[in-house]
Amino acid sequence: QVQLVESGGGLVQAGGSLRLSCAASRSIFSFNAMGWYRQAPEKQRELVATITIGGSTNYADSVKGRFTISRDIAKKTVYLQMNSLKPEDTAVYYCDADRAYWGQGTQVTVSS
């Protein structure tokens, strides 16, 4: 059973930064890709960023240039650095592995 545990969410003012962490219970090299999704109230879950086993990254257009996905293999952790946050970034952020395993989510609230 794979466990993904997110942390790092919180309340921040517009223009601020947060770094989310996703700690996996086994080597992140056992997954083809890991990523971050988010779901705002009354909206569908949407892709934010992904990173493949080879290190290739992909971002939603809405976060390009502001968010960065990275990983620490030794710590079995994937990160999402979020800069220049906007109120529309407010959502519950979920970590996933191969879209088969999901974390419990962490709330990010950006005030205007």
Side-chain angles (χ1 to χ4, degrees):
Q1 183 70 14
V2 175
Q3 289 188 325
L4 302 174
V5 179
E6 300 105 332
S7 61
L11 173 64
V12 64
Q13 288 188 330
S17 298
L18 283 174
R19 188 177 79 157
L20 305 184
S21 300
C22 171
S25 59
R26 71 184 196 205
S27 171
I28 59 178
F29 271 163
S30 65
F31 310 115
N32 289 315
M34 296 186 70
W36 290 93
Y37 287 72
R38 66 187 182 188
Q39 187 166 17
E42 300 181 358
K43 291 189 177 181
Q44 289 188 331
R45 190 173 296 190
E46 63 175 2
L47 172 72
V48 176
T50 60
I51 185 165
T52 69
I53 190 172
S56 297
T57 58
N58 182 53
Y59 297 92
D61 287 344
S62 59
V63 306
K64 280 180 182 175
R66 300 188 298 123
F67 291 11
T68 303
I69 188 170
S70 63
R71 63 189 180 185
D72 186 322
I73 296 164
K75 293 183 178 179
K76 298 182 288 184
T77 299
V78 174
Y79 302 99
L80 185 68
Q81 178 67 45
M82 305 186 295
N83 298 328
S84 302
L85 282 160
K86 304 175 181 180
E88 50 263 45
D89 295 318
T90 295
V92 177
Y93 284 70
Y94 298 90
C95 173
D96 91 290
D98 289 341
R99 285 191 279 183
Y101 306 100
W102 295 87
Q104 81 287 354
T106 186
Q107 176 71 47
V108 172
T109 303
V110 184
S111 63
S112 57

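Just so it is clear, the values below take in all heavy atoms, side chains as well, and ignore hydrogens, waters and symmetry mates.
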*Asks:* Could you state the interatomic distance from CD1 (Ile28) to CD1 (Ile53), rounded to the nearest 0.5 Å?
*Replies:* 9.0 Å
*Asks:* How many angstroms lie between atom CD1 of Ile51 and atom OH of Tyr59, to the nearest 0.5 angstrom?
*Replies:*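 Atom-to-atom, Ile51:CD1 and Tyr59:OH are 7.0 Å apart.
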*Asks:* Would you say Val2 ends up clustered with Ile73 if hydrophobic residues are merged whenever their side chains have heavy atoms under 4.5 Å apart, either directly or through other cluster members?
*Replies:* yes
*Asks:* For Asp89, what residues pass the side-chain contact (heavy atoms from CB on, under 4.5 Å) criterion, not counting sequence neighbours?
*Replies:* Arg38, Arg66, Phe67, Leu85, Lys86, Tyr93, Val110
*Asks:* Under 3.5 Å, side chain of Arg26 to main-chain N/O of Phe31, donor-acceptor pair present?
*Replies:*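 It does not hold such a pair.
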*Asks:* Kindly give the heavy-atom pair with the smallest separation between Lys64 and Asp61, and that separation in Å.
*Replies:*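 Heavy-atom minimum between the residues: NZ-OD1, 3.1 Å.
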*Asks:* Output yes when a side-chain donor or acceptor of Glu6 lies under 3.5 Å from a complementary backbone atom of Cys95, and no otherwise.
*Replies:*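 Side chain of Glu6 to backbone of Cys95: a pair is present.
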*Asks:* Is there a side-chain contact between Gln107 and Thr90, using heavy atoms and a 4.5 Å cut-off?
*Replies:*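 Contact flag for Gln107/Thr90 side chains = yes.
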*Asks:* Between Trp102 and Val92, is there a shared hydrophobic cluster once you connect ILVMFWY residues whose side-chain heavy atoms come closer than 4.5 Å?
*Replies:* yes
*Asks:* Taking Thr68's backbone N and O only, do any of them form a donor-acceptor pair with Tyr79's side chain (distance below 3.5 Å, no angle check)?
*Replies:* no
*Asks:* To the nearest 0.5 Å, how far apart are CD in Gln81 and OG in Ser21?
*Replies:* 9.5 Å
*Asks:* Hydrophobic clustering (ILVMFWY, side-chain heavy atoms < 4.5 Å, transitive) - are Val78 and Tyr37 grouped together?
*Replies:* no
*Asks:* Indicate yes or no: at least one non-hydrogen side-chain atom of Leu4 is less than 4.5 angstrom from one of Met34.
*Replies:*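 Contact flag for Leu4/Met34 side chains = yes.
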*Asks:* Output every pair passing salt bridge (charged side-chain N to carboxylate O under 4.0 Å, His left out) with a member in residues 100-111, not counting sequence neighbours, ordered by first then second residue.
*Replies:*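 Salt bridge (charged side-chain N to carboxylate O under 4.0 Å, His left out) check on residues 100-111 returns no pairs.
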*Asks:* Would you indicate whether the side-chain heavy atoms of Met82 and Trp36 approach each other to under 4.5 Å?
*Replies:* no
*Asks:* Determine the minimum heavy-atom distance between Leu80 and Ala49, stating which atoms define it.
*Replies:*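 Reported closest heavy-atom pair: CD1-CB, 4.2 Å.
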*Asks:* Do you know the tightest heavy-atom contact between Leu47 and Ala60?
*Replies:*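 In this case the closest contact between Leu47 and Ala60 is O-CB, 3.4 Å.
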*Asks:* Are more than 12 heavy atoms, taken from residues, nucleotides or ligands other than Gln39, located less than 6.0 Å from that residue's CD atom?
*Replies:* yes
*Asks:* What's the separation between atom CG in Leu11 and atom OG1 in Thr109, rounded to the nearest 0.5 Å?
*Replies:*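 Going from the CG atom of Leu11 to the OG1 atom of Thr109 covers 6.0 Å.
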*Asks:* Can you list every pair that meets salt bridge (charged side-chain N to carboxylate O under 4.0 Å, His left out) and has a residue in residues 92-112, with sequence neighbours left out?
*Replies:* none
*Asks:* When you compare the side chain of Thr52 with that of Asn32, does any pair of heavy atoms fall below 4.5 Å?
*Replies:* no
*Asks:* Can you name the closest pair of heavy atoms from Ala14 and Pro87 and give their distance?
*Replies:* CB-CD, 4.1 Å
